[in-house]
A.B. asks: 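One structure coming up, written as structure tokens, with questions to follow.
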Amino acid sequence: MGVIFMETMEAIFSRRSIRKYLPDPVSRDRIENILKAGMSAPSAGDEQPWHFIIINRHDLLEKISEMHPYAKMLKNAPAALLICADPDVPKFKDYWVQDCSAACENMLLAAHDQGLGAVWIGIYPAEKLVTGIREMFNIPGQMVPFSAIAIGYPAEEKSGRSRYDASRVHDNSW
């Protein structure tokens, strides 16, 4: 068990947001591994409110990069995953943001584990982006485009760094 723990901790501490990619395509197997990791995330009441769209058409990636001010990296990414949520789950309606966030983090770690670079691109709660992405991908009205993850083989290298800040840790009360 200790070896698995160390591998997991190493992945967490060494993962960085990668915004520059090589043009090499990402295989369907790798993308499906990333999706499996996302779908393995915990969710309130195990409702799994997520749906995913695989985007590997350059014209679509470029359109998103033109409409989203923080998605310029998609212009040169070989693929992206769009995470959408169904907020109308029956039991725990208000937890879909947390559920999809957990799925996104799992997916970022899975991409890193497979030697890929990735970066989280927020969409929700920016209404203009939600509406634009929903229209671009014909997403049903009740579904919410939550975020996207750009994926590719890294064309930049970033070393891990510690973000631990003891001043933000409180014992038993503030």
Side-chain angles (χ1 to χ4, degrees), residues 15-44 47-90 92-156 158:
R15 191 212 65 80
R16 296 288 307 274
S17 293
I18 300 297
R19 293 175 177 84
K20 295 179 183 170
Y21 310 99
L22 299 173
D24 306 348
V26 178
S27 74
R28 181 70 180 214
D29 285 346
R30 287 182 190 245
I31 288 173
E32 286 183 2
N33 281 337
I34 293 167
L35 291 169
K36 288 175 186 175
M39 292 183 200
S40 294
S43 65
E47 290 195 295
Q48 304 173 31
W50 44 65
H51 288 262
F52 304 92
I53 297 175
I54 299 168
I55 308 164
N56 55 15
R57 280 185 28 203
H58 182 73
D59 62 318
L60 293 173
L61 294 165
E62 193 162 345
K63 277 184 186 176
I64 298 170
S65 77
E66 290 166 0
M67 76 161 334
H68 192 310
Y70 303 108
K72 302 301 180 210
M73 77 292 294
L74 286 176
K75 192 174 276 194
N76 297 310
L81 295 170
L82 183 59
I83 296 88
C84 300
D86 182 353
D88 293 332
V89 292
F92 296 101
K93 292 184 188 317
D94 297 331
Y95 288 88
W96 65 268
V97 171
Q98 294 173 55
D99 297 344
C100 288
S101 295
C104 284
E105 182 62 15
N106 275 13
M107 293 164 74
L108 291 169
L109 290 168
H112 179 57
D113 182 63
Q114 295 183 93
L116 298 167
V119 64
W120 184 326
I121 303 163
I123 297 171
Y124 175 85
E127 194 54 46
K128 183 178 176 185
L129 295 174
V130 168
T131 301
I133 296 291
R134 182 181 285 131
E135 289 172 2
M136 188 181 302
F137 292 95
N138 299 312
I139 297 168
Q142 82 277 12
M143 301 298 289
V144 179
F146 174 71
S147 65
I149 298 176
I151 298 169
Y153 291 94
E156 66 178 331
K158 295 181 178 179

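If you're wondering where the values come from, they're calculated on a predicted model, not measured in any experiment. Because only heavy atoms are used, hydrogens play no part in the values below, and waters and symmetry mates are left out as well, while side chains stay in.
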A.B. asks: Find out whether L81 and I54 are in side-chain contact, i.e. whether some heavy atom of one side chain is under 4.5 Å from a heavy atom of the other.
C.D. replies: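 In contact.
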A.B. asks: Parallel, tilted or perpendicular for F52 and W50, by the 30°/60° rule?
C.D. replies: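 Judged by the thresholds at 30° and 60°, the geometry between F52 and W50 is tilted.
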A.B. asks: Would you sort out whether I18 and K158 count as a side chain to side chain contact (heavy atoms under 4.5 Å, CB included), showing the intermediate values?
C.D. replies: CA-CA 8 Å; I18 300 297; K158 295 181 178 179; 4.2 Å; yes
A.B. asks: According to salt bridge (Lys or Arg N to Asp or Glu O under 4.0 Å), who are the partners of D59, at least two apart in sequence or on a separate chain?
C.D. replies: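 R57.
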A.B. asks: Could I get the full list of side-chain hydrogen bond (donor to acceptor under 3.5 Å, both in side chains) partners for Q142, not counting sequence neighbours?
C.D. replies: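 So Q142 forms no side-chain hydrogen bond (donor to acceptor under 3.5 Å, both in side chains) with any residue.
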A.B. asks: Restricting to side-chain hydrogen bond (donor to acceptor under 3.5 Å, both in side chains), what partner residues turn up for Y153, sequence neighbours left out?
C.D. replies: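 So Y153 forms a side-chain hydrogen bond (donor to acceptor under 3.5 Å, both in side chains) with R30.
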A.B. asks: Output the distance between atom CG (N56) and atom CD1 (I31), rounded to the nearest 0.5 Å.
C.D. replies: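 These two atoms lie 6.0 Å from each other.
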A.B. asks: Pair I121, I64 - check side chain to side chain contact (heavy atoms under 4.5 Å, CB included), show working.
C.D. replies: CA-CA 11 Å; I121 303 163; I64 298 170; over 6 Å; no
A.B. asks: Would you give me the side-chain donor-acceptor pairs under 3.5 Å for residues 98-108, sequence neighbours excluded?
C.D. replies:
unit_1 : atom_1 : unit_2 : atom_2 : d
D99    : OD1    : A44    : N      : 3.0
S101   : OG     : V97    : O      : 2.8
N106   : ND2    : A37    : O      : 2.9

A.B. asks: With sequence neighbours excluded, what pairs up with E135 under the side chain to side chain contact (heavy atoms under 4.5 Å, CB included) test?
C.D. replies: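 By the side chain to side chain contact (heavy atoms under 4.5 Å, CB included) rule, E135 matches T131.
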A.B. asks: Mind checking what makes side chain to side chain contact (heavy atoms under 4.5 Å, CB included) contact with A77, not counting sequence neighbours?
C.D. replies: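 Once residues adjacent in sequence are excluded, the partners of A77 under the side chain to side chain contact (heavy atoms under 4.5 Å, CB included) criterion are Y21, L74, A150.
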A.B. asks: A quick test of your reading: do over 12 heavy atoms of other residues, nucleotides or ligands sit less than 6.0 Å from CG of D24?
C.D. replies: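 Enclosed.
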A.B. asks: Just verifying a value: how many Å separate E62 CD and M67 CE, rounded to the nearest 0.5 Å?
C.D. replies: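 Answer rounded to 0.5 Å: 14.0 Å.
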A.B. asks: Which ring-ring contact (aromatic ring centres under 6.0 Å, His included) pairs, counting each pair once, include a residue from residues 56-78, with sequence neighbours left out?
C.D. replies: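 Counting only pairs at least two positions apart or across chains, no ring-ring contact (aromatic ring centres under 6.0 Å, His included) contact touches residues 56-78.
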A.B. asks: With sequence neighbours excluded, what pairs up with N138 under the side-chain hydrogen bond (donor to acceptor under 3.5 Å, both in side chains) test?
C.D. replies: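 side-chain hydrogen bond (donor to acceptor under 3.5 Å, both in side chains) check on N138 returns nothing, list empty.
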A.B. asks: If the test is side chain to side chain contact (heavy atoms under 4.5 Å, CB included), which one of D86, V144, D88 qualifies with W96?
C.D. replies: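 Among D86, V144, D88, the one that satisfies the side chain to side chain contact (heavy atoms under 4.5 Å, CB included) with W96 is V144.
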A.B. asks: For the backbone of S43 and the side chain of Q48, can you confirm whether one donor and one acceptor N or O come within less than 3.5 Å of each other?
C.D. replies: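 Between the backbone of S43 and the side chain of Q48 there is no qualifying donor-acceptor contact (under 3.5 Å).
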A.B. asks: Taking all atoms of both residues into account, what is the closest heavy-atom pair of A111 and A118, and its distance?
C.D. replies: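 Answer, listing the atom of A111 first, then A118: CB-CB, 3.9 Å.
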A.B. asks: Taking only residues two or more places apart in sequence or in another chain, which ones pass side chain to side chain contact (heavy atoms under 4.5 Å, CB included) with N33?
C.D. replies: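 N33: side chain to side chain contact (heavy atoms under 4.5 Å, CB included) contacts with K36, Q114.
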A.B. asks: Can you name the nearest heavy-atom pair linking P154 to G115, along with the distance?
C.D. replies: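 Shortest heavy-atom contact: CD-O, 3.4 Å.
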A.B. asks: Please determine whether side chain to side chain contact (heavy atoms under 4.5 Å, CB included) holds for the pair V26 and I34, giving the CA-CA distance in whole Å, both sets of side-chain angles, and the decisive distance to 0.1 Å.
C.D. replies: CA-CA 11 Å; V26 178; I34 293 167; 5.6 Å; no
A.B. asks: Sequence neighbours left out, what passes side chain to side chain contact (heavy atoms under 4.5 Å, CB included) with I139? Give chain and number order.
C.D. replies: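 Partners of I139 by the side chain to side chain contact (heavy atoms under 4.5 Å, CB included) criterion, ordered by chain and then number, come out as I53, L82, C84, I133, R134, F137, M143, P145.
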A.B. asks: Taking side-chain hydrogen bond (donor to acceptor under 3.5 Å, both in side chains) as the definition, give me every residue that meets it alongside H112, ordered by chain and number, with sequence neighbours left out.
C.D. replies: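 With neighbours one apart ignored, the set is S14.
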A.B. asks: What distance do K75 atom NZ and K63 atom NZ have between them, rounded to the nearest 0.5 Å?
C.D. replies: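 Here the rounded value is 14.0 Å.
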A.B. asks: On a heavy-atom basis, which atom in S147 and which in G122 lie closest, and how many Å separate them?
C.D. replies: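 Minimum heavy-atom contact is CB-CA, 4.4 Å.
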A.B. asks: In chain order, what residues pass the salt bridge (Lys or Arg N to Asp or Glu O under 4.0 Å) check against E32, with sequence neighbours excluded?
C.D. replies: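 Expected list: R28.
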A.B. asks: When rounded to the nearest 0.5 angstrom, what distance separates CH2 in W120 from CD1 in I83?
C.D. replies: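 Rounded to the nearest 0.5 Å, the CH2-CD1 separation comes out at 8.0 Å.
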